[in-house]
Participant: 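Can you keep this structure in mind? I'll have questions shortly.
Only heavy atoms go into these numbers, but all of them, side chains included; no hydrogens, no water, no symmetry mates. Protein chains get the first letters and strands the later ones, always in sequence-line order, with residue 1 at the start of each.
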There are 2 protein chains.
Amino acid sequence: MKISVVAVNSGGEPCAACSIRPLSICAALARSELRGLEHLGRHIHFASCETVFAQEEITTSFYNLLEGVMRLYKLLPDGRRQIVGFALPGDFLGMTASSRHSFSADAIGPVVVCRFPRAPFARFSEDKPKLLRRINEMAVRELSQAQDHMVLLGRRSAEEKVAIFLVGWRDRLAVLGGPAKTVPLPMSRQDIADYLGLTIETVSRTFTKLERGGVIEILPGSICLLDPARAEALAAA
Amino acid sequence: MKISVVAVNSGGEPCAACSIRPLSICAALARSELRGLEHLGRHIHFASCETVFAQEEITTSFYNLLEGVMRLYKLLPDGRRQIVGFALPGDFLGMTASSRHSFSADAIGPVVVCRFPRAPFARFSEDKPKLLRRINEMAVRELSQAQDHMVLLGRRSAEEKVAIFLVGWRDRLAVLGGPAKTVPLPMSRQDIADYLGLTIETVSRTFTKLERGGVIEILPGSICLLDPARAEALAAA
DNA sequence: CGGTACATTGAGAGATATCAACAGGCGTGG
DNA sequence: CCACGCCTGTTGATATCTCTCAATGTACCG
């Protein structure tokens with residue numbers, strides 16, 4: 001829960017050289033406008049399991065995820081947890097309807113974010129229609145993903161949930177690193193369970209079932225999609 | 001499934017007189033800008049159960065809901081249905097990440113929408129930062145609601161789901177019509193079930209259970225919240 | 001080598017789904 | 001005006017999927 005703040009480019013870094021720029025909201029900015037952003041953004045490193053921001057905390061910043069994976073989750077008073085998404089490089093976090101964060105975000109493995117203080121960023125963006133439309137586009141895409149996930153949570157069986165998760169995660173990683181048969185799973189089984197609305201035992205059993213069925217092979221920290229077609233069939237059904 | 005198009009103000013209607021303007025995206029526009037919108041928007045009536053737009057259909061328009069209630073839902077190939085939300089006056093529909101609708105929308109009871117053809121509306125809004133920010137705000141609020149609903153679908157019991165639905169629906173109606181003890185439920189039990197990720201039987205049994213517990217009274221087309229505090233307690237738990 | 005955290009497996013319980021019957025409201029038509 | 005049929009909602013009996021509780025296994029790390 002502690003927050004380690006290791007400022008890496010306290011002086012501002014050339015956004016033009018940013019590897020994830022085409023994926024992020026910054027893709028909407030011209031070279032000249034990037035200059036303005038460079039003054040606002042600071043790179044911050046987080047170690048595994050550190051919290052970037054927490055539910056109910058006052059929103060002070062926006063975050064552009066540069067490296068690593070984050071889990072975004074909501075907690076109920078009695079401890080039940082629902083992971084509402086996993087963030088990957090390019091994702092933009094911190095937009096809220098109210099002045100407080102509606103979910104918590106912490107690092108799964110080492111993470112680097114580009115942090116923008118809220119008010120200056122709001123001023124920077126307020127008269128840049130292209131940027132606003134880009135942020136809109138990202139928000140709408142996220143909303144669409146959220147709706148897909150509602151279908152999963154409300155209407156899918158455990159086996160379908162796991163298959164959809166594996167195929168979907170593979171596809172998201174493919175956008176970043178190119179397609180690969182073996183899919184890294186940096187998150188724990190508990191994370192997967194809380195994402196899919198299952199218990200850890202059911203996730204484990206379903207993994208085993210899929211392995212016995214020859215659909216996947218379970219490896220430490222990853223799985224191998226032996227039969228992608230069958231996994232996709234389960235996911236579509 | 002047929003679409004009844006009854007144009008009401010084919011010539012454009014004074015947006016300044018629109019009753020739901022403060023609730024909708026149009027709140028972000030100045031009087032002079034409203035003029036531009038009036039040329040774009042057309043009022044259209046739909047009868048109960050008519051489809052305003054369907055999943056996979058090419059997106060041709062945006063819709064501002066003026067009157068009535070709509071159900072927004074996604075269907076799986078085998079017929080399973082998940083309702084991703086109910087739309088009320090002021091809601092803005094049709095924003096999509098792709099060029100096709102990601103869910104279907106149809107009328108629950110008579111409905112009036114203000115329809116804006118997609119391209120002209122996009123042109124109209126593209127250089128209006130205030131409007132873009134307003135649309136953003138609405139999108140972020142919807143995303144937040146979607147995340148709340150994920151927690152419900154993934155981590156709540158049937159009784160909690162129903163209580164949350166009733167309290168939440170009451171609160172949404174209160175914004176429009178002022179607080180009331182008796183809550184109209186224009187949607188069917190099946191709609192409620194598909195919204196909460198339950199079966200119709202479980203919804204019915206849970207209603208009965210809450211009624212026997214003195215929390216609600218079941219009336220035709222509505223329920224009365226006899227013990228709001230207990231309902232809210234179930235919802236928060 | 002032992003400890004700890006994470007993952008898997010098993011047995012049994014429980015919540016919700018499924019299948020089936022029944023009740024009530026409402027419109028139609030005799 | 002009443003009988004009939006249809007549709008929606010309720011209730012009951014049973015099935016099943018997933019959860020819960022418990023034990024065992026495994027990998028990593030000091």
Side-chain angles (χ1 to χ4, degrees), chain A residues 47-49 71 76 78-83 106 108-109 152-166 184-213 215-224 234 237, chain B residues 47-49 71 76 78-83 108-109 152-166 184-213 216-224 234 237:
Chain A
S48 195
C49 290
R71 76 181 140 246
L76 294 179
D78 62 3
R80 282 176 288 180
R81 186 177 72 155
Q82 177 67 44
I83 291 187
D106 44 45
I108 298 176
L152 177 144
L153 291 169
R155 288 295 178 229
R156 295 292 199 164
S157 70
E159 194 174 15
E160 290 173 329
K161 285 177 175 181
V162 170
I164 292 168
F165 166 68
L166 292 176
L185 296 179
M187 68 291 285
S188 70
R189 293 287 190 272
Q190 185 64 62
D191 287 339
I192 297 173
D194 287 345
Y195 181 58
L196 300 178
L198 298 170
T199 60
I200 184 174
E201 294 94 332
T202 299
V203 170
S204 190
R205 274 186 255 272
T206 308
F207 268 68
T208 304
K209 186 179 170 189
L210 290 175
E211 185 170 47
R212 284 204 236 280
V215 181
I216 64 172
E217 188 186 352
I218 302 172
L219 304 166
S222 65
I223 62 102
C224 185
L234 278 170
Chain B
S48 195
C49 291
R71 75 182 142 245
L76 293 178
D78 62 2
R80 281 176 288 180
R81 185 176 72 154
Q82 176 67 44
I83 291 187
I108 298 176
L152 177 143
L153 291 169
R155 289 295 179 230
R156 295 291 200 165
S157 71
E159 194 175 13
E160 290 173 329
K161 285 178 175 181
V162 170
I164 292 169
F165 166 68
L166 292 176
L185 296 180
M187 68 291 284
S188 70
R189 293 289 191 269
Q190 187 64 63
D191 287 339
I192 297 173
D194 288 345
Y195 181 58
L196 301 178
L198 298 170
T199 59
I200 185 174
E201 293 95 332
T202 300
V203 170
S204 189
R205 273 186 254 272
T206 308
F207 268 68
T208 305
K209 186 179 170 190
L210 290 175
E211 184 170 47
R212 282 205 237 278
I216 64 172
E217 188 186 351
I218 302 173
L219 304 167
S222 66
I223 62 101
C224 185
L234 278 171

Participant: Hey, are the side chains of A:Asp106 and A:Arg71 touching, using non-hydrogen atoms and a 4.5 Å cut-off?
Facilitator: yes

Participant: A:Arg189 versus A:Glu201: any side-chain heavy-atom pair under 4.5 Å?
Facilitator: no

Participant: Under 4.5 Å between any side-chain heavy atoms of B:Val203 and B:Phe165, yes or no?
Facilitator: no

Participant: Apply salt bridge (charged side-chain N to carboxylate O under 4.0 Å, His left out) to B:Arg155 and A:Asp78, showing your working.
Facilitator: CA-CA 11 Å; B:Arg155 289 295 179 230; A:Asp78 62 3; over 6 Å; no

Participant: I need the CD-C1' distance between B:Gln190 and C:dA17, as an integer number of Å.
Facilitator: 13 Å

Participant: For B:Leu219 and D:dG9, give me the distance from atom CG to atom P, rounded to whole Å.
Facilitator: 14 Å

Participant: Return the value, rounded to whole Å, for the distance between atom CZ of A:Phe207 and atom P of C:dC6.
Facilitator: 16 Å

Participant: Distance check needed: D:dT8 C1' versus B:Ile218 CD1, whole Å only.
Facilitator: 14 Å

Participant: Answer with base, sugar-phosphate or nothing: what part of the nucleic acid does B:Ser204 contact at a heavy-atom distance below 4.0 Å?
Facilitator: base

Participant: Please give, in whole Å, the distance from C:dA17 C1' to B:Asp78 CG?
Facilitator: 15 Å

Participant: Using the ring of A:Phe207 (Phe, Tyr or Trp, six-membered ring only), decide whether A:Arg212 places NZ or CZ under 6.0 Å from its centre and within 45 degrees of its axis.
Facilitator: no

Participant: Answer yes or no: is there a side-chain heavy-atom contact under 4.5 Å between A:Leu210 and A:Leu234?
Facilitator: yes

Participant: Between A:Ser222 and A:Pro184, which heavy-atom pair has the shortest distance, and what is it?
Facilitator: CB-CA, 3.7 Å

Participant: What integer distance in Å separates B:Arg189:CZ from D:dC7:P?
Facilitator: 19 Å

Participant: Separation of B:Arg80 atom CZ from C:dA17 atom C1', in whole Å?
Facilitator: 13 Å

Participant: Could you report the tightest heavy-atom contact between B:Lys161 and B:Leu196, atom names first, then the distance?
Facilitator: NZ-O, 3.0 Å

Participant: Would you tabulate the nitrogen or oxygen pairs shorter than 3.5 Å linking the protein to nucleotides 24-27 of chain C?
Facilitator:
none

Participant: Protein-nucleotides 14-20 of chain D N/O pairs closer than 3.5 Å?
Facilitator:
{"unit_1": "D:dT18", "atom_1": "OP1", "unit_2": "A:Ala158", "atom_2": "N", "d": "2.8"}
{"unit_1": "D:dC19", "atom_1": "OP1", "unit_2": "A:Thr199", "atom_2": "N", "d": "3.4"}
{"unit_1": "D:dC19", "atom_1": "OP2", "unit_2": "A:Thr199", "atom_2": "N", "d": "3.2"}
{"unit_1": "D:dC19", "atom_1": "OP2", "unit_2": "A:Thr199", "atom_2": "OG1", "d": "3.1"}
{"unit_1": "D:dC19", "atom_1": "OP2", "unit_2": "A:Thr202", "atom_2": "OG1", "d": "2.4"}
{"unit_1": "D:dT20", "atom_1": "O4", "unit_2": "A:Arg205", "atom_2": "NH2", "d": "2.9"}

Participant: Ignoring backbone atoms, establish whether B:Thr208 has a side-chain N or O less than 4.0 Å from OP1 or OP2 of D:dT11.
Facilitator: yes

Participant: Flag the pair B:Lys209 / B:Glu159 as yes when at least one side-chain heavy-atom distance between them is below 4.5 Å, and no otherwise.
Facilitator: yes

Participant: Between atom CG in B:Leu153 and atom P in C:dA15, what is the gap in whole Å?
Facilitator: 20 Å

